[in-house]
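Input: one structure, supplied below.
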Amino acid sequence: MSTPIRYEYRRKIVHREKMTLRRYVFAAIRRTLLAAGILTLLVLLLSSQDADNNVHQGLLLEEDSNLTPEEKLMEEAAIAETEKRLYERRKFLADKCAKEGLDRPGNDSLHRPNAWEFLVNREYHLIWCNVFKAASTSWMYNFNLLAGYSPQFLKASKAVPVSLARQKYPRYTADELNKFLNDSISFLIVRHPFERLLSAYRDKLEHSLPHTFHSNLGAHIVWNYRSRDPKTNGRHGPRYPLFEEFVQWLLCQWKAGNELDMHWTPVVIFCTPCQVRFDVIAKFETLHEDQDYLIKQAHVGHIIKPEWKNPTRGVQTKDVIKNYFAQLSKSQIKDLYEMFRYDFVLFGYSPDEYIALGRDENTVLICKN
């Protein structure tokens, strides 16, 4: 009796072992199929996510494919040089902000972020602080293109470009801007403060259209800061203020603490670069290379081109600097430097060349209403 029992026990063990092995095989097959299915879904998901990038980079890839190996090497070298230059500018700015104490938070206009002037494009993850008279015409046009306006519409429209832009780009709070900075490329364009100031004067006052805001402002400056002819009690000269008259008025506005026109407000107040992180600090001196790099990094080359739209009538500002600053005394130019000192310090500009152009006399600033 004992032997059959042992035999039956062995048969049950063998049967159980066969069932267990079969179960393991089927389980392994199921796991393999499940893993394959998950892998397929991941591939499809990644492919769909890359579709937009392929669209954005399409023209760049097509453009690169037409380059010879030598041209590709030259382009890579140019990109590396630009990246090095932009890194040095960011580091220079951070060092100067810390040295001047402008990186600390506070309640005044220099120590809190001013999000009011930023344009945030969420579709292309591009953030720009619009510094007027620093390629602002070109980039306002670009941001309107990115907002969906067609070139034909922008060419035919009589609306002010910044007004069109604000219909598409709402103003965000400082907290919202800080959040958007995490997944975007932020940039601003800077220019020598005195060159920017002269460009603003020529465009907005010297060439102002009749009956506009700046034309009326010019008339106000002429009335208060132009000497009267003692014989006729009139004011001779052009209808717009001379550069020296404009500078006298501007220095009085600044020293009185009055709010300044956006075209000659210092960048440090307008964009608060010590309180807001900027990935790209482009400069007029290297604008072509800087904005070409920016466009490629943002993958927007299929929409915008690194063009420079300069609306200034007549000769370029840089070619007439001497004519205008020779109207000022050295003391006036030094006062202007104090007004824009942070812009000089933070972005590595010098006033020396301009001070040398001034007259050797001390001018007493007399302010009028």
**OP:** Please answer whether the main-chain N or O of E195 pairs with a side-chain N or O of S199 as donor and acceptor at a distance below 3.5 Å.
**Re:**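 Not confirmed, S199 side chain does not pair with E195 backbone.
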Original post:
Does W254 have its ring centroid less than 6.0 Å away from the ring centroid of F340?
Top reply: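 No: the rings miss the under 6.0 Å criterion.
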Original post:
Under a 4.5 Å side-chain heavy-atom rule over Ile, Leu, Val, Met, Phe, Trp and Tyr, are I295 and F143 clustered together?
Top reply: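 Same hydrophobic cluster.
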Original post:
If you count the non-hydrogen atoms of other residues, nucleotides and ligands that lie under 6.0 Å from NE2 in H236, is the total more than 12?
Top reply: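 Atom NE2 in H236 is crowded, with more than 12 foreign heavy atoms closer than 6.0 Å.
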Original post:
R277 versus S186: any side-chain heavy-atom pair under 4.5 Å?
Top reply: yes
**OP:** Consider only side-chain heavy atoms of I, L, V, M, F, W and Y, link residues closer than 4.5 Å, and tell whether L197 and L365 are in one cluster.
**Re:**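 Hydrophobic grouping puts L197 with L365.
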**OP:** Enter the distance from Q327:CD to K322:NZ here, rounded to the nearest 0.5 Å.
**Re:**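 Going from CD on Q327 over to NZ on K322, the span is 13.5 Å.
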Original post:
Can you tell me if H207 uses its side chain to pair, donor with acceptor, with the backbone of R202 under 3.5 Å?
Top reply: yes
Original post:
How many angstroms lie between NZ in K330 and OG1 in T363, if you round to the nearest 0.5 Å?
Top reply: 11.0 Å
Original post:
Going by the salt bridge (Lys or Arg N to Asp or Glu O under 4.0 Å) test, which pairs reach into residues 161-182, not counting sequence neighbours?
Top reply: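 Of all non-adjacent pairs touching residues 161-182, none passes salt bridge (Lys or Arg N to Asp or Glu O under 4.0 Å).
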Original post:
Any side-chain heavy atom of L164 within less than 4.5 Å of one from V162?
Top reply: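 SC-SC contact between L164 and V162 ruled out.
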Original post:
Do the charged groups of D95 and K99 touch, with an N to O distance under 4.0 Å?
Top reply: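 The answer is no: the pair does not qualify as a salt bridge.
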Subject >> Lys/Arg N to Asp/Glu carboxylate O, E338 vs K334, below 4.0 Å >> reply: no
**OP:** Take the angle between the ring planes of F194 and H192 and call it parallel below 30°, perpendicular above 60°, tilted in between.
**Re:**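 Rings of F194 and H192: tilted, as their planes differ by 30° to 60°.
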Original post:
With sequence neighbours excluded, what pairs up with H125 under the ring-ring contact (aromatic ring centres under 6.0 Å, His included) test?
Top reply: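 With neighbours one apart ignored, the set is empty.
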Original post:
When the ring planes of W128 and F187 are compared, do they come out parallel, tilted or perpendicular, using 30° and 60° as the limits?
Top reply: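 Ring orientation, 0 to 90° scale: parallel.
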Original post:
Are Y354 and Y337 near enough that their ring centres are under 6.0 Å apart?
Top reply: no
**OP:** Compare every heavy atom of N114 with every heavy atom of F118, then report the nearest pair and how far apart it is.
**Re:** CE1-O, 3.1 Å
Subject >> Contact check, side chains of L119 and M140, non-hydrogen atoms, under 4.5 Å >> reply: yes
Subject >> Aromatic Y349 / basic K283 pairing, under 6.0 angstrom, 45° off normal >> reply: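 The answer is yes, since K283 meets both limits relative to Y349.
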